[in-house]
> 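Sharing a structure below in structure tokens format, with a few things to ask.
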Amino acid sequence: VILRWRRDLIAGPHPDDDRRVLVFCERTGEHFELPDYGYRIGSSFDGSRTVEEVAARASELAGRDVDPEAVGPFVARLLELGLLDEDRSPSLRPPADAGPQWSVVQEIPSDVPIWVHPDAGYECRCAGTCCSAGYVVSLDEREVECLRAVAPSILGPGADPICVLPRGQGARWTYALANDPECPFLGKDRRCAIHGSDALPSTCRVYPLAFVSTGRRVHASVTHRCVCGALDRGPRLSAQMASLRSKLDASRFLPVIARSTRVDAYTRIGSPAAVDALTGATADWRDSAWETLLCAIRAVRDQIVEVDVGAEPLAPAAIFSAIAERVHGEELTVAHALARRSHPNRAAILDSLRRADLSRPNEPPHEEAARLARDYLSGLRIYRFSTLAAGFLALGLALACVTSAPEQPTAREQAMLWEDALLSPGLRALLGPEGPIAAITASVAGVERQIEALRAAFPDSGIGLP
Ligand code: SF4
Ligand code: SF4
């Protein structure tokens with residue numbers, strides 16, 4: 001029998017014990033704990049080794065003496081737990097992820113200015129969606145200690161507000177706030193019991209702002225995962241600089257883009273020129289989200305000697321299904337986004353919008369799309385993708401879904417869903433050089449043709465393809 005350790009399982013060492021490996025199955029939400037040697041044996045089933053071969057090599061794989069006779073029952077147990085699969089067809093394997101166009105530093109610069117889009121505004125309406133399941137509030141050791149110290153007086157004796165969560169394949173698991181279904185510190189009045197105190201975790205302090213550094217300045221933007229913050233309802237960000245600086249200072253990590261930017265598979269430009277093109281395109285963002293996106297693409301194309309491999313655009317419905325076919329079944333958000341389904345947390349989002357008195361914003365979907373395009377491009381969140389071409393296409397797919405949402409609050413919910421999808425390494429891999437539409441994302445000219453086709457099918461106003 002040829003077996004394979006399931007590629008979608010997320011495994012990593014326990015945060016404070018390398019001898020224990022934690023394994024998370026997104027499909028069922030189950031956690032498993034294995035001794036590290038058990039994990040090494042289990043994960044050595046790569047689709048080519050037989051049980052006998054693994055048993056013969058068990059001691060070598062485990063780095064300790066293992067009785068080969070014990071491997072059979074151990075494998076049976078892994079099968080019973082659903083951790084091993086029969087090999088999948090090579091054509092349906094998820095593509096490899098080429099990584100973002102930034103590196104992450106832990107030192108937060110105090111002397112670099114913060115840049116914000118002049119029209120972006122922000123106000124927290126205490127909707128509290130961000131304090132419930134689906135939002136990971138990761139914690140470092142100091143934060144775990146602080147929260148455990150304050151928990152008994154707020155939550156009662158013996159209460160532990162901490163859990164452990166996976167971060168990515170092979171990465172050490174992280175401590176996080178146990179917020180399923182809701183953070184224990186969220187009061188009945190939807191206010192945070194530790195807001196303003198030293199115990200408030202850095203993620204909560206910074207949320208929903210995103211910071212990306214160019215080295216010369218730090219771009220701050222509001223993420224559209226936030227139910228109410230991304231609606232431009234509050235004061236302009238430019239009037240909230242002191243608060244932004246304290247959020248930036250509270251950040252534990254800062255993404256810094258490289259000096260040169262990969263435009264597509266063939267071309268690069270200096271990052272200052274790319275950043276100017278991206279932010280410049282958002283100056284007239286109210287005109288249309290599609291116009292903003294196309295303007296950014298043309299501004300970048302104007303600066304390169306381009307190689308156009310001539311890929312023809314796919315029909316809009318075909319491009320969604322070509323990508324969706326290769327989505328990992330467990331990439332729930334990406335699967336929902338590409339299938340143009342509702343957000344998996346739709347009920348909670350609509351409830352939050354009602355509670356924050358935002359359930360009838362009476363606003364056409366294309367305005368939601370326009371803000372999303374503005375913040376994604378000028379906030380430099382596009383650098384999460386391996387090339388600008390892939391990042392442009394990702395935004396095009398998002399705009400198709402948001403602009404064709406029938407009405408608010410569905411467009412709000414779609415923007416939140418897509419903001420999650422745009423954060424996913426899974427979507428990045430699907431749009432990358434090993435993905436199913438690599439011929440289109442290989443050149444920025446091919447992406448522009450694809451965006452034009454999407455725009456024709458999903459115009460700014462009116463419903464697009466079913
Ligand atoms: S969703 Fe955003 S704006 Fe709303 S309560 Fe949470 S942080 Fe505040
Ligand atoms: S600590 Fe406060 S802000 Fe953070 S998730 Fe809990 S209730 Fe929300």
Side-chain angles (χ1 to χ4, degrees), residues 120-140 142-156 159-163 165 174-211 220-237 240 243-244 246-247 250-252 343 345-359 361 368 371-372 375 379 408-409 412-420 423:
Y122 164 65
E123 178 178 61
C124 177
R125 296 259 186 136
C126 297
T129 332
C130 48
C131 307
S132 52
Y135 289 76
V136 175
V137 181
S138 66
L139 307 167
D140 65 17
R142 190 199 63 81
E143 291 173 321
V144 169
E145 258 175 50
C146 282
L147 288 166
R148 283 192 169 142
V150 298
S153 63
I154 300 173
L155 310 174
D160 186 6
I162 312 295
C163 65
L165 289 178
T174 181
Y175 285 113
L177 264 175
N179 61 358
D180 191 359
E182 281 187 346
C183 174
F185 295 108
L186 187 67
K188 286 204 174 61
D189 57 356
R190 316 302 297 174
R191 295 197 173 263
C192 169
I194 54 173
H195 194 80
S197 85
D198 286 348
L200 187 71
S202 128
T203 303
C204 304
R205 226 177 272 270
V206 175
Y207 195 79
L209 268 289
F211 296 102
S221 59
V222 180
T223 72
H224 289 243
R225 295 190 79 201
C226 173
V227 76
C228 43
L231 290 170
D232 277 358
R233 301 270 157 148
R236 304 297 86 189
L237 288 182
Q240 305 188 48
S243 155
L244 293 189
S246 79
K247 284 178 183 287
S251 306
R252 285 193 273 131
H343 196 297
N345 288 345
R346 179 184 167 88
I349 291 169
L350 299 190
D351 194 38
S352 301
L353 285 167
R354 254 191 310 275
R355 210 169 29 233
D357 199 20
L358 293 163
S359 63
E368 188 78 52
R371 281 195 304 273
L372 178 65
D375 295 340
Q408 286 285 29
R412 179 85 283 266
E413 175 210 326
Q414 280 295 307
M416 291 175 70
L417 175 62
W418 270 93
E419 183 77 64
D420 269 342
L423 288 174

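Every number for a ligand or one of its atoms is a count from 1 in the order of the listing. Quick note: numbers below take in every heavy atom, side chains included, and nothing from hydrogens, waters or symmetry partners. Counting from 1, the numbers follow the sequence of the chain as shown.
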> Which residue and atom name correspond to the protein heavy atom nearest atom 5 (S) of ligand 1, and how close is it?
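Of the protein heavy atoms, A127 N, 3.2 Å lies nearest.
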
> Hey, which atoms in ligand 1 end up nearer than 4.0 Å to a heavy atom of C126?
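Near C126, meaning under 4.0 Å from one of its heavy atoms, ligand 1 has 5 (S).
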
> Might you point out which heavy atoms bring L200 and C192 nearest each other, and give the distance in Å?
CD1-SG, 3.9 Å

> Any sub-3.5 Å donor-acceptor pair from R346's side-chain atoms to E413's backbone N or O?
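Here the side-chain-to-backbone pair does not exist.
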
> Checking a contact table here: which protein heavy atom is nearest atom 6 (Fe) of ligand 2, and how many Å away?
C183 SG, 2.4 Å

> Please report the interatomic distance CG(L139) to SG(C204), rounded to the nearest 0.5 Å.
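It is 8.0 Å, given to the nearest 0.5 Å.
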
> Please work out, at 4.0 Å between heavy atoms, whether the side chain, the backbone, both, or neither of N179 comes within that distance of ligand 2.
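It is neither; nothing of N179 touches ligand 2.
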
> What atoms of ligand 1 come closer than 4.0 angstrom to any heavy atom of G128?
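What qualifies from ligand 1 is 5 (S).
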
> Are more than 12 heavy atoms from other residues, nucleotides or ligands located less than 6.0 Å from atom CD of E123?
yes

> Testing V136, L177, V137 for side-chain contact (heavy atoms from CB on, under 4.5 Å) with T203, which one passes?
V137

> Nearest to atom 4 (Fe) of ligand 2, what protein heavy atom do you find, and at what distance?
C204 SG, 2.3 Å

> Salt bridge or not between R205 and E143? Use side-chain N to carboxylate O under 4.0 Å.
no

> Can S138 and T174 be said to form a side-chain hydrogen bond (donor to acceptor under 3.5 Å, both in side chains), step by step?
CA-CA 6 Å; S138 66; T174 181; 4.5 Å; no

> Between L186, N179, D180, which is the residue that forms a side-chain contact (heavy atoms from CB on, under 4.5 Å) with E182?
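One option only clears the test, and that one is L186.
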
> What is the nearest protein non-hydrogen atom to atom 7 (S) of ligand 1, stated with its residue, atom name and distance?
C130 SG, 3.4 Å

> With respect to atom 1 (S) of ligand 1, which of A230, C226, G234 exhibits the smallest heavy-atom separation?
C226

> If the cut-off is 4.0 Å to any non-hydrogen atom of L177, which atoms of ligand 2 fall inside it?
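In order of numbering, the contacting atoms are 1 (S), 5 (S), 6 (Fe).
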
> Could a heavy atom of I194 be found less than 4.0 Å from some atom of ligand 2?
yes

> Does ligand 1 have an atom that lies less than 4.0 angstrom from a heavy atom of V227?
yes

> Against heavy atoms of G229, which atoms of ligand 1 measure under 4.0 Å?
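Taking each heavy atom of G229 in turn, ligand 1 has 3 (S) under 4.0 Å.
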
> Answer yes or no: is there a donor N or O on one side and an acceptor on the other, between the side chain of R355 and the main chain of A127, under 3.5 Å?
yes

> Which of the atoms of ligand 1 are close to Y207, meaning less than 4.0 Å from one of its heavy atoms?
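By the 4.0 Å cutoff, the relevant atoms are 7 (S).
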
> With respect to atom 8 (Fe) of ligand 2, which of C124, C131, C192 exhibits the smallest heavy-atom separation?
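Nearest option to atom 8 (Fe) of ligand 2, by heavy atoms: C131.
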
> Near L186, which atoms of ligand 2 are under 4.0 Å from a heavy atom of that residue?
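Contacts of ligand 2 toward L186, numbered from 1: 7 (S).
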
> Does R412 reach the main-chain N or O of V227 with its side chain, forming a donor-acceptor pair under 3.5 Å?
yes

